[in-house]
Amino acid sequence: MKKVVVGMSGGVDSAVAALLLKRQGYDVVGLFMRNWDSTINNDVLGNPNLNNDICPQEGDYNDALKVCEKLDIPLHRIDFVKEYWVYVFTYFLEELKRGRTPNPDVMCNKYIKFDPFIKEAKRLGAEYIATGHYARIIDDNLYKAIDENKDQSYFLCQLTKNQLSNVLFPVGELTKEEVRKIAKDNDLTVADKKDSTGICFIGERNFSEFLKNYLPSKKGKIVNIDTNEEVGIHYGLMNYTIGQRRGLNIGGNENRLFVVGKNLDKNILYVGLGSDHEALYSNEAIIEQMNFIDNKKTSKCKAKFRYRQKDIDVDVEHLDSNEMKVKYSSLKAVTPGQICCLYDGDECLGGGIIKEVYKDNKKMVFYN
RNA sequence: UGCCUCGUAGCCAAGCGGUAAGGCAUCAGACUUUGACUCUGACAUUCGUUGGUUCGAAUCCAGCCGAGGCAG
């Protein structure tokens with residue numbers, strides 16, 4: 001019997017993944033990972049769970065345990081707290097210091113779930129690993145999930161073909177609705193559990209309060225990019241991303257104010273009036289640390305610049321092995337640090353990190 | 001010191017005798033495995049203050065306080 005280790009998060013998706021694999025005749029083993037330790041990581045400010053008897057992580061473990069008991073499969077547990085800190089969280093903080101907007105969950109997949117996790121699975125004697133991701137793998141290549149609304153291939157675009165081999169995504173073939181139904185029909189306790197959101201293993205938190213634990217915040221001016229007038233005070237540039245509107249705390253305007261740029265040297269946050277402010281739009285970007293899953297370097301394809309944004313047509317110019325220039329008609333809030341993921345139809349060709357953003361051949365200088 | 005204008009929620013601002021529009025901000029939900037965006041909802045028993053006129057005032061009158069302007 002083929003052995004598979006399923007990453008159990010305590011949610012519905014991984015529970016159903018395990019169930020489906022078991023049905024298919026695999027020898028299924030659950031593995032629960034722990035990537036964050038509030039005490040070790042000095043995660044104090046803004047942590048709503050410090051005084052709880054049972055932290056959400058422990059609750060998730062218990063949920064996973066119940067599911068495994070129901071399915072009659074063993075559940076192991078492993079700590080990647082150190083690895084997460086070194087490979088994901090360090091990157092996360094470094095990017096923020098540079099004024100960029102990182103995507104930690106992409107790195108969590110690249111450096112944790114599809115690396116030490118796989119090694120642990122092998123150590124447990126498994127041939128395959130599986131997770132509850134909404135995506136599909138065909139011939140070791142990555143494809144979008146059947147359920148377009150839940151598709152998570154964007155978060156997996158930094159994986160290599162090697163990492164994708166011997167990986168199974170059972171729920172990638174199903175819609176969320178079907179997954180919930182299967183869970184319900186099989187009396188899994190997590191059938192109605194709310195989908196988890198927020199940063200991988202840290203969860204939904206007050207972002208600014210959370211950051212205060214790790215980065216000093218320097219207050220500075222908020223300047224209207226059109227009038228050059230000081231209109232407010234920001235509490236640290238790392239707390240803002242391009243296109244953001246909330247948290248500015250500036251009232252009295254006829255229209256909404258959006259973050260359109262920052263100047264790290266002068267510690268200035270630039271804002272513009274209106275959701276269609278021209279300073280938000282670009283038509284070209286340089287992507288670095290490109291990962292091509294199957295080395296398909298086309299010159300025309302689709303791209304997604306932010307999770308849950310629509311794919312748009314792009315022209316690609318390959319600069320060197322891991323940098324490329326993408327051109328597009330016009331797109332709002334393309335932000336350095338975010339991931340640009342390429343698609344050919346349903347196939348995810350790979351992705352990289354947005355490095356620089358241009359408009360009509362002019363670099364958007366405060367766009368970091 | 002005299003005259004004029006103005007004082008409505010955190011901000012901007014309608015209302016000008018009939019019982020407080022709207023926008024922004026904020027907060028809460030929805031959406032969402034990245035702080036976004038978007039959507040929905042909440043948000044002044046009260047109109048600088050005191051007194052008066054009136055069946056009834058934020059709206060009219062007077063005093064006071066405060067802001068700005070003109071004169072000196």
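Only heavy atoms go into these numbers, but all of them, side chains included; no hydrogens, no water, no symmetry mates.
- For A:Gln338, the listed nucleotide lying nearest its side chain is B:U34; candidates were B:A28, B:A25, B:U34.
- Listed by residue number, the members of residues 75-83 of chain A with any heavy atom below 4.0 angstrom from RNA chain B form an empty set.
- Sorted by residue number, the list of members of residues 265-283 of chain A with any non-hydrogen atom under 4.0 Å from RNA chain B is empty.
- Qualifying ring pair (Phe, Tyr, Trp, His ring centres under 6.0 Å) partners for A:Tyr154, counting only residues two or more places apart in sequence or in other chains: none.
- Within a 6.0 Å radius of OH in A:Tyr87, no more than 12 heavy atoms belonging to other residues, nucleotides or ligands are found.
- Contacts between residues 150-159 of chain A and RNA chain B, defined by a heavy-atom separation below 4.0 Å, involve A:Lys150, A:Gln152, A:Phe155, listed by number.
- Partners of A:Glu173 according to the salt bridge (charged side-chain N to carboxylate O under 4.0 Å, His left out) rule, which considers only residues two or more places apart in sequence or in another chain, do not exist here.
- Using a 4.0 Å heavy-atom distance criterion, A:Arg245 is classed as a sugar-phosphate-only contact.
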Taking Watson-Crick and G-U wobble pairs with both distances under 3.5 Å, convert RNA chain B into its dot-bracket string, 5' to 3', dots for unpaired and | for cross-strand pairs.
((((((((.[[[..)..(...]]].(((((.......))))).....[[[[[..)....]]]]]))))))).
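- Without hydrogens or angle criteria, A:Asn41 side chain to A:Trp85 main chain gives no donor-acceptor distance under 3.5 Å.
- The residue A:Gly11 sits apart from the nucleic acid: no heavy atom pair falls under 4.0 Å.
- Annotation: A:Phe89 is in aromatic contact with A:Phe92 [ring centroid separation under 6.0 Å].
- Partners of A:Arg77 according to the salt bridge (charged side-chain N to carboxylate O under 4.0 Å, His left out) rule, which considers only residues two or more places apart in sequence or in another chain, are A:Glu58.
- By the side chain to side chain contact (heavy atoms under 4.5 Å, CB included) test, A:Glu69 pairs with A:Leu65, sequence neighbours left out.
- Residues from residues 249-257 of chain A lying near RNA chain B, meaning a heavy-atom separation below 4.0 Å, are A:Asn249, A:Ile250, A:Gly251, A:Gly252, A:Asn253, A:Glu254, A:Asn255, A:Arg256 in numerical order.
- Nearest to the side chain of A:Lys194, among B:U34, B:U38, B:U32, sits B:U32.
- Sorted by first and then second residue, the pairs that involve residues 286-299 of chain A and meet salt bridge (Lys or Arg N to Asp or Glu O under 4.0 Å), not counting sequence neighbours, are A:Arg100-A:Glu288, A:Lys161-A:Asp294, A:Asp294-A:Lys296, A:Lys296-A:Glu347.
- The two residues A:Gln158 and A:Gly351 have their closest heavy-atom pair at NE2-O, 2.9 Å.
- The side-chain tip of A:Lys144 points at the ring of A:Tyr343 from less than 6.0 angstrom away and within 45° of straight on.
- Applying the side-chain contact (heavy atoms from CB on, under 4.5 Å) test between A:Leu269 and each of A:Val223, A:Leu248, A:Val260 identifies A:Leu248 as the sole match.
- Within the structure, salt bridge (Lys or Arg N to Asp or Glu O under 4.0 Å) contacts touching residues 145-159 of chain A (residues at least two apart or in different chains) are A:Lys150-A:Asp195.
- The stretch residues 318-332 of chain A participates, sequence neighbours left out, in these salt bridge (Lys or Arg N to Asp or Glu O under 4.0 Å) pairs: A:Glu284-A:Lys325, A:Glu323-A:Lys355.
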